[in-house]
Protein chains: 2
Amino acid sequence: MPARTTKEALSRERVLDAALAVADLDGLGTLTMRRVAEELDCEAMSLYYYVRDKESLLAALTEAVVGEICESCLDPSLQEGAADWREVVKRRCLAAREVMLRHPWAPHLVASQPTAPSTAYALFEALVATMVDGGCSHSLAHRAIHSLGSMLLGFTQELFEPEAGDGDISMEEMEALALAMPHLAKIAEVAAHESKGALSMCDTQAEFEFTLGLILDGLEAHRCEPDSAH
Amino acid sequence: MPARTTKEALSRERVLDAALAVADLDGLGTLTMRRVAEELDCEAMSLYYYVRDKESLLAALTEAVVGEICESCLDPSLQEGAADWREVVKRRCLAAREVMLRHPWAPHLVASQPTAPSTAYALFEALVATMVDGGCSHSLAHRAIHSLGSMLLGFTQELFEPEAGDGDISMEEMEALALAMPHLAKIAEVAAHESKGALSMCDTQAEFEFTLGLILDGLEAHRCEPDSAH
DNA sequence: ACCTGAACACCGTTCAAGT
DNA sequence: ACCTGAACACCGTTCAAGT
């Protein structure tokens, strides 16, 4: 009779929501299977019906936060009245940051994952599109994604590296992906061409030095016109 | 008789070295008290004679890697023949990166610590000194440290925030620190003055936007002269 | 002073058994 | 199909006891 006390049926979604709630409340450190179960008023073992193991739970949680970031960043209203491609990109980074501030555990979690969740690619595609429309080359936009990585997801890491097993993505999926994200496809194409024989698609050393150069040159410019700062 | 099989006495240093070895060999994930003990051919409980708990072991390990980074960055030969303050800072960041590549687990570990290890301050002091000698204001050098944070330690995070308990550092220590690191002391002084009443000493939102601006403006410059890239 | 055996609380996970 | 009790391996940590 009492609807309140009737146990609501579990579901993968409820499990995920509970995990997110625990992380938001007490951080990743207290996110145990038993604690999530407690939140759902069930036993820890029940979770394994909806989730392969803890690792995959965390992977799903990662996808969820990154998805939230993407949603915020892709809000069309961010484009309104922007003077510049820079302003659009800036607003998107600030939107990403807002989400990260709501989920302080997110950078840690994303960084601990072996690969960036697929949700992130939509965000990268949108950023590259904005830059290319703004007159940037694909190659510059590519470097920009690397340089902005830590502003978007809160940490620095390889983003474009292939997953452990190449075989787990089919040719059809590949083509569908290329159609959905033409700019990323073009970037991947160029990068693959330039790096034939290299260990990884992106020259991370070069990317590092490029970003470093941007920052140092920018600081030098501020040194010469110290009116803006201070 | 057989010196080989005679158990060498444990020591805090040996424990730390063993922990570092485990991390380098198999990553932080396998770094358990029992595994470290195994490496030392003793029981896990023995470690507690030299280390309060695992948390403090990890803190010591953090101090060790950050110390290694500082040593590399502070190598005087990095200053030789540098055309610019930028070149010195760049070489230091690249030196830091080399250490990080040797210890891929380092960014994770440093980021997971509640506070940056004291070892890091010597590095910041040296960088600020280089910039100020190169004609930068203290306030610009301060922002530079924030902007370069992820290039130096592999992640983004609050660096200057006070530790949980303010009381655990005495007035004498404070003054000794100020004498050893005059530039950081000056920066702290200015920041404390500017932020009276604010929650934290550094306006992280402003630092974020500043770094973002450096990157975006740098990219825009590259868009206009696309000869250098591509 | 330095090390360890036994023990405890907590964790992820499996599996057979319940409904 | 969906959930759970019992059980196992592994973890950090304490403490009394050994040398």
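Since this is a predicted model, take the numbers as computed values, not measurements. Quick note on labels: first sequence line is chain A, next is B, and so on, each numbered from 1.
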Open item on the list: Would A:Asp26 and A:Arg35 count as a salt bridge (charged side-chain N to carboxylate O under 4.0 Å, His left out) here? Give the steps.
Closed with: CA-CA 11 Å; A:Asp26 298 318; A:Arg35 173 72 199 283; 3.0 Å; yes
If you pin B:Ser11 and A:Arg35 to their nearest nucleotides in DNA chain C, which one's is more 5'?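 With B:Ser11 and A:Arg35 compared, the 5'-side residue is B:Ser11.
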Q.
Under 4.0 Å, counting only non-hydrogen atoms across every strand here, what does B:Thr32 touch: a base, just sugar-phosphate, or nothing?
A.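 Contact class for B:Thr32: sugar-phosphate only.
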- Answer with base, sugar-phosphate or nothing: what part of the nucleic acid does B:Met45 contact at a heavy-atom distance below 4.0 Å?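 Base contact.
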Distance-only donor-acceptor check, side chains B:His138 and B:His142, under 3.5 Å:
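Side-chain D/A pair, B:His138 to B:His142: absent.
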- Message: If we count only N and O atoms by modelled type, under 3.5 Å, do the side chains of A:Arg92 and A:Thr130 hold a donor and an acceptor together?
- Response: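 Side-chain D/A pair, A:Arg92 to A:Thr130: present.
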Crowded around [X] [atom1]? As in, over 12 foreign heavy atoms under 6.0 Å?
X: B:Gln205; atom1: CD; answer: yes
X: B:Glu55; atom1: CD; answer: no
X: B:Lys54; atom1: NZ; answer: yes

Each base of DNA chain D marked ( ) or [ ] if paired in-strand (Watson-Crick or G-U under 3.5 Å), | if paired to another strand and . if unpaired gives ||.|||||...|||||.||
- Query: DNA chain D: A:Tyr49 or B:Ala44, which has the more 5' nearest nucleotide?
  - Reply: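 Per heavy-atom nearest nucleotide, the more 5' residue is A:Tyr49.
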Position toward the 5' end of DNA chain D (nearest nucleotide), B:Met33 or A:Cys42
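Here A:Cys42 is the residue nearer the 5' end.
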field: 5' to 3' contact window, DNA chain C with chain A (heavy-atom distance under 4.0 Å)
entry: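 Extent of the interface on DNA chain C: C:dC11 to C:dT14.
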Ion pair A:Arg34/A:Glu43, N-O distance below 4.0 Å: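 Here A:Arg34 does not pair with A:Glu43 in a salt bridge, since their nearest N and O are not under 4.0 Å apart.
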Does this structure show an ion pair linking B:Arg102 with B:Asp24, if we count only N-O contacts that are shorter than 4.0 Å?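 No salt bridge links B:Arg102 with B:Asp24.
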